[in-house]
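One structure is given here, and the rest of the page talks about it.
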Amino acid sequence: MTSPSRGYRIFQGVNGVVLTLVVLVTLYPFVNIIARSFSGERQIRSGEVTLWPKGFNLTTYEIVVSDPMFWRNYGNTVLYTAVSTAVAMVLTTCYAYVLSKKNLKGRGALVGIAVFTMFFTGGLIPHYVLVTSLGLKNSVWAIALPNAISVFNLLVMKAFFESLPTELEEAAQIDGLSTYGILLRIVLPLSKAVVATMVLFYSVSFWNSWFSAFLYMDRTELMPVTVYLRNLLAGATGGTGAGAATEQLTQVSANIQAVTIVLTSLPILCLYPFVQRYFVSGVMLGAVKG
């Protein structure tokens, strides 16, 4: 085995330095946000906080986590994300599998309908009227069903299914498997990468979503945690607080944005390491045709 050339070694060194700088630049905002969430009000306003908390303070965290409504809304977020992601994955997978069949009659029309929705929508008012008339308000279905299929995710899964060898499905048909049997026992086990990637995409989208709940939920106990933290942010910056003392309110208004970002991002950051190894392969295998 020949040793790498001098030029290649130089390239590796430069590439390593550049990528290290990119990682540092990318991590800095996250570390700064975490430091600000634990810092005191005076240090935040004077710009002293960089990578380490200054004037260590847990006032905002204490106010948030001591509120029973926070945990109620957090549970709502977990429920809404789980149900919405499950519904989205079932519908997207079935639709993508159908579209991957080149001999399907009307395939072009079905693809066109999906792509059409990427560029044209009915608007907010017709959307609201439809959800209300279907009786979906104040339920998880108001969040799950209107956003059940992302066309981008659909097209990625379609391309992935098209890249699978047709001989596998033909052999399964000879063995007597039905269409659903082929999908469940042959196609999906071979599609773990793209399925994990789509689960990550959908779960992040539903976890961070707040507008649908803000629009279709009338009761506070049904709100997700994103709406709770939005209301807390609005109350702190607007000079009002739910029973908070003046000095507490000052502290909350100083680092509520940082605390909000940390609390809403933490579950997704914990989930990401378990699916990140599928991420690149899941997207790329559906985008490259051999």
Side-chain angles (χ1 to χ4, degrees), residues 81 83-134 136 140-206 208-209 211-212 216 275 278-290:
T81 301
V83 173
S84 301
T85 301
V87 171
M89 286 303 302
V90 170
L91 296 181
T92 302
T93 301
C94 293
Y95 198 177
Y97 183 64
V98 168
L99 295 181
S100 68
K101 302 305 174 186
K102 294 183 174 60
N103 58 349
L104 175 70
K105 293 182 179 180
R107 177 174 179 264
L110 293 175
V111 174
I113 291 172
V115 174
F116 181 83
T117 62
M118 294 182 68
F119 305 100
F120 302 97
T121 62
L124 180 60
I125 294 177
H127 196 175
Y128 181 85
V129 172
L130 177 62
V131 171
T132 303
S133 61
L134 292 175
L136 301 179
V140 64
W141 308 116
I143 299 174
L145 295 182
N147 305 299
I149 296 181
S150 166
V151 179
F152 172 79
N153 295 345
L154 173 69
L155 296 179
V156 170
M157 291 196 76
K158 167 184 169 293
F160 183 90
F161 290 151
E162 288 176 342
S163 69
L164 295 176
T166 56
E167 292 79 7
L168 290 175
E169 297 188 35
E170 292 172 355
Q173 286 179 332
I174 294 175
D175 290 339
L177 281 180
S178 64
T179 300
Y180 294 107
I182 294 173
L183 175 61
L184 295 176
R185 300 179 62 179
I186 304 296
V187 176
L188 289 183
L190 295 174
S191 307
K192 292 179 180 179
V194 73
V195 169
T197 302
M198 295 302 106
V199 168
L200 178 63
F201 282 174
Y202 276 123
S203 60
V204 170
S205 175
F206 286 118
N208 292 330
S209 175
F211 187 70
S212 295
Y216 300 122
V275 297
Y278 297 108
F279 185 81
V280 175
S281 59
V283 174
M284 293 304 296
L285 285 176
V288 178
K289 301 298 292 294

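- Summarising the geometry, atom NZ belonging to K102 is positioned 6.0 Å from atom CZ belonging to R107; distances are rounded to the nearest 0.5 Å.
- Distance OH/Y128 to OG/S133: 11.0 Å, rounded to 0.5 Å.
- When all heavy atoms of F160 and L190 are compared, the pair lying nearest together is CZ-O, 3.7 Å.
- Here the straight-line distance linking atom CG of L183 with atom CG of L177 works out to 11.0 Å at 0.5 Å rounding.
- Looking only at distances, no side-chain donor or acceptor of T132 sits under 3.5 Å from a matching main-chain atom of V129.
- Rounding to the nearest 0.5 Å places NZ of K158 at 11.5 Å from CZ of F161.
- Counting heavy atoms from C-beta outward, L99 and L154 have side chains that approach closer than 4.5 Å.
- Nearest heavy atom pair, residue L155 against residue M118, reads CD1-SD, 4.4 Å.
- Applying side-chain contact (heavy atoms from CB on, under 4.5 Å) to T92 and the options V87, I149, V156 leaves one that passes, I149.
- The shortest side-chain heavy-atom distance between V83 and W141 falls under the 4.5 Å cut-off.
- Remark: T197 OG1 to K192 NZ distance equals 13.5 Å, nearest 0.5 Å.
- With rounding to the nearest 0.5 Å, the separation of CG in L188 from OH in Y97 is 9.0 Å.
- Nearest heavy atom pair, residue Y202 against residue A148, reads OH-O, 3.7 Å.
- Residues I186 and L164 fail the side-chain proximity criterion, which asks for heavy atoms closer than 4.5 Å.
- Considering all non-hydrogen atoms of both residues, S191 and V187 come closest at OG-O, 2.7 Å.
- Here the shortest heavy-atom pairing between T85 and T81 reads OG1-O, 2.6 Å.
- Annotation for I143 and S84: closest pair CG2-OG, 3.9 Å, computed over non-hydrogen atoms.
- Considering only heavy atoms from C-beta on, L134 stays 4.5 Å or farther from L145 through its side chain.
- The side-chain heavy atoms of F206 and N147, taken from C-beta on, include a pair separated by under 4.5 Å.
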